[in-house]
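The block underneath contains the structure these notes are about, expressed in structure tokens.
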Amino acid sequence: HVQLVESGGGLLQPGGSLRLSCASSSSRYCMVWFRLAPGKEREVVAMMASDGTTTYADSVAGRFAISRDNAKKTLYLQMNNLKPEDTAKYFCVARHRCADGGGYWGQGTQVTVS
């Protein structure tokens, strides 16, 4: 059983930055940041495989960066130059393999850009 707790969301102006954190019970998973906004499809924002390989959505490439601290069992999403279209609830997801669907989901943290 995997437990995930996201934090770091908030309300800020366009162009600002936030760093989201995801405390997990294990560091040996493929970790994914999803986001969901009303009226929009669920979107994979960023993904990090257990070997450190990263993948980003085109909409955030160059602005967001996913990272992981294995000692702290914490996943991060650094978000820079935030835009109103980034407004969404962000979820941390743990998968046994990046190729898998589904996974273990946290409760999410809300990011609102003016």
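Only this structure's heavy atoms are used, side chains among them; waters, hydrogens and symmetry mates stay out.
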For a ring-ring contact (aromatic ring centres under 6.0 Å, His included) with W105, tell me which candidate from Y90, F34, W33 qualifies.
F34
Given 3.5 Å as the limit, does a donor-acceptor pair link the side chain of T109 with the main chain of S7, or not?
no
Is a donor on one side and an acceptor on the other found under 3.5 Å between the side chain of S24 and the backbone of K73?
yes
Can you measure from CD (E41) to CG (L36) and round to the nearest 0.5 angstrom?
10.5 Å
Side-chain donor-acceptor pair under 3.5 Å between S21 and E6, yes or no?
no
Is there a side-chain contact (heavy atoms from CB on, under 4.5 Å) between M79 and S17? Walk through the geometry before answering.
CA-CA 5 Å; M79 304 184 294; S17 298; over 6 Å; no
Evaluation steps, side-chain contact (heavy atoms from CB on, under 4.5 Å), between V93 and M31
CA-CA 6 Å; V93 182; M31 303 301 296; over 6 Å; no
Between V111, L20, V60, which is the residue that forms a side chain to side chain contact (heavy atoms under 4.5 Å, CB included) with L77?
L20
Within the 3.5 Å criterion, strictly below it, is a donor on S50 or R68 matched to an acceptor on the partner's side chain?
no
Would you say the side-chain atoms of Y56 pair up with the backbone N or O of I66, donor to acceptor, closer than 3.5 Å?
yes
Please check this pair: side chain of R63 against backbone of N81, looking for a donor-acceptor N/O pair closer than 3.5 Å.
yes
Indicate the ring-plane relationship of H96 and Y29, choosing parallel, tilted or perpendicular according to the 30° and 60° boundaries.
tilted
Is the shortest side-chain N to carboxylate O distance from D100 to R97 below 4.0 Å?
yes
